[in-house]
Number of protein chains: 2
Amino acid sequence: MKKRDHKECVSALLPVKDTLDLIGGKWKLLIIISIWEGNKHFREIERSIPKLSTKVLAKELKELEMNKLLHRNVIDDFPVRIEYTLTEHAKSLKTVIGTLHSWGLTHRKAIFEK
Amino acid sequence: MKKRDHKECVSALLPVKDTLDLIGGKWKLLIIISIWEGNKHFREIERSIPKLSTKVLAKELKELEMNKLLHRNVIDDFPVRIEYTLTEHAKSLKTVIGTLHSWGLTHRKAIFEK
DNA sequence: GTAACTGGTTACTTTTGGTAAGCAAAGATA
DNA sequence: TATCTTTGCTTACCAAAAGTAACCAGTTAC
């Protein structure tokens with residue numbers, strides 16, 4: 001039951017790298033959090049994340065969709081609206097987001113203000 | 001006791017962003033893990049992380065040092081050797097790495113092979 | 001003596017990212 | 001009725017980052 005070409009390597013490196021391939025980068029986790037907190041529409045998400053540009057948001061949403069972390073729902077009333085929602089995979093990131101959140105609260109101050 | 005200009009925002013976004021500013025990006029966490037697992041020297045770290053180039057490693061190590069996540073120790077015997085070691089801040093990332101690790105083990109398969 | 005290792009730097013190319021504008025369809029404002 | 005705004009994006013352009021590869025001086029093993 002091979003997962004991958006791990007050879008003799010039994011470190012945390014590859015599983016962490018797998019995770020980073022999906023949610024690494026500057027914006028993906030922030031986008032997931034934003035949708036989590038109630039933003040469903042493109043412009044809502046864009047406005048909720050400072051410095052995130054339309055172009056990059058469009059690209060990141062596509063990648064997140066490809067990786068099954070969110071759905072793009074076309075709501076067919078008039079006019080058509082688009083709604084982004086999280087998948088169960090994305091929701092399972094809750095503990096990941098939780099630890100990053102509390103690490104940020106605890107350590108940012110210490111590192112920047114010492 | 002203001003932390004930052006949060007205005008009305010009380011979401012997880014900014015603390016997570018703070019964390020990502022320090023350990024986000026493709027390589028930083030992997031480098032921390034590599035050192036954690038016993039690699040102390042430049043070439044050791046480089047070889048332990050597939051696809052990581054010397055140039056990028058040099059840059060990332062500088063940034064990690066600046067952000068007090070590791071120390072660059074010059075060992076003054078002959079010849080001079082350089083040793084990279086983690087700070088306590090980096091060690092406090094243990095739970096972060098742990099959650100990313102187990103998320104990777106659980107979800108990578110589901111997302112890529114479905 | 002020459003090949004390989006150390007911890008990197010430098011020059012060059014390619015890829016990614018940011019800025020700003022634009023677009024079609026619809027709604028609100030004047 | 002005109003025009004201004006909002007929606008969900010795309011496109012063109014330029015700057016910044018990242019990848020590739022060669023190179024360097026000092027050391028050590030063959």
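The model shown is predicted, which means the values in this text are computed figures rather than measured ones. Within every chain, numbering begins at 1; the chains are lettered A, B, ... in the order of the sequence lines, protein sequences first and strands thereafter. Hydrogens, waters and symmetry mates are skipped; everything else that's a heavy atom, side chains included, is used.
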task = Would you mind listing every side chain to side chain donor-acceptor pair (under 3.5 Å) that reaches into residues 53-62 of chain A, with sequence neighbours excluded?
result =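 The answer is Lys28(A)-Glu60(A).
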Partners meeting ring-ring contact (aromatic ring centres under 6.0 Å, His included) with Trp36(B) (sequence neighbours left out) =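 Partners of Trp36(B) under the ring-ring contact (aromatic ring centres under 6.0 Å, His included) test: none.
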ask   = Do Trp27(A) and Met66(A) share a hydrophobic cluster (ILVMFWY, side-chain heavy atoms under 4.5 Å, transitive)?
value =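 No, Trp27(A) and Met66(A) fall in different hydrophobic clusters.
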query = How many Å lie between CD on Glu46(A) and P on dC9(D), as a whole number?
reply =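 Value for this atom pair: 11 Å.
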ask   = What residue pairs, at least two apart or across chains, pass salt bridge (Lys or Arg N to Asp or Glu O under 4.0 Å) with a residue in residues 89-106 of chain A?
value =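 Matches after skipping sequence neighbours: Glu88(A)-Lys91(A).
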Taking only residues two or more places apart in sequence or in another chain, which ones pass side chain to side chain contact (heavy atoms under 4.5 Å, CB included) with [X]?
X        : answer
Ser34(B) : Asn39(B), Ile45(B), Ser48(B), Ile49(B)
Ser92(A) : Trp103(B), His107(B)
Thr85(A) : His71(A), Asn73(A), Glu83(A)

key: Upstream residue (5' side of DNA chain D) when Ala58(A) and Arg81(A) are each assigned their closest nucleotide   =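 Per heavy-atom nearest nucleotide, the more 5' residue is Arg81(A).
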query = Quick one: salt bridge (Lys or Arg N to Asp or Glu O under 4.0 Å) partners of Arg43(B), sequence neighbours excluded?
reply =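 In terms of salt bridge (Lys or Arg N to Asp or Glu O under 4.0 Å), with neighbours along the sequence ignored, Arg43(B) is linked to Glu46(B).
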key: Nucleotide interval of DNA chain C bounded by contacts with chain B (heavy-atom cut-off, under 4.0 Å)   =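 Contact boundaries, 5' end first: dT6(C) to dA11(C).
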key: Side-chain N,O (Lys40(A)) to OP1/OP2 (dT7(D)) below 4.0 Å   =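 No.
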query = Does a nitrogen or oxygen in the side chain of His41(A) sit under 4.0 Å from OP1 or OP2 of dT7(D)?
reply =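 For dT7(D), neither OP1 nor OP2 has a side-chain N or O of His41(A) closer than 4.0 Å.
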inquiry  = Counting primed atoms plus P, OP1 and OP2 as sugar-phosphate and everything else as base, spell out the protein contacts along nucleotides 12-30 of chain D at 4.0 Å heavy-atom distance: B, S or - for each nucleotide, 5' to 3'.
reply    = B-----BBB------SS--
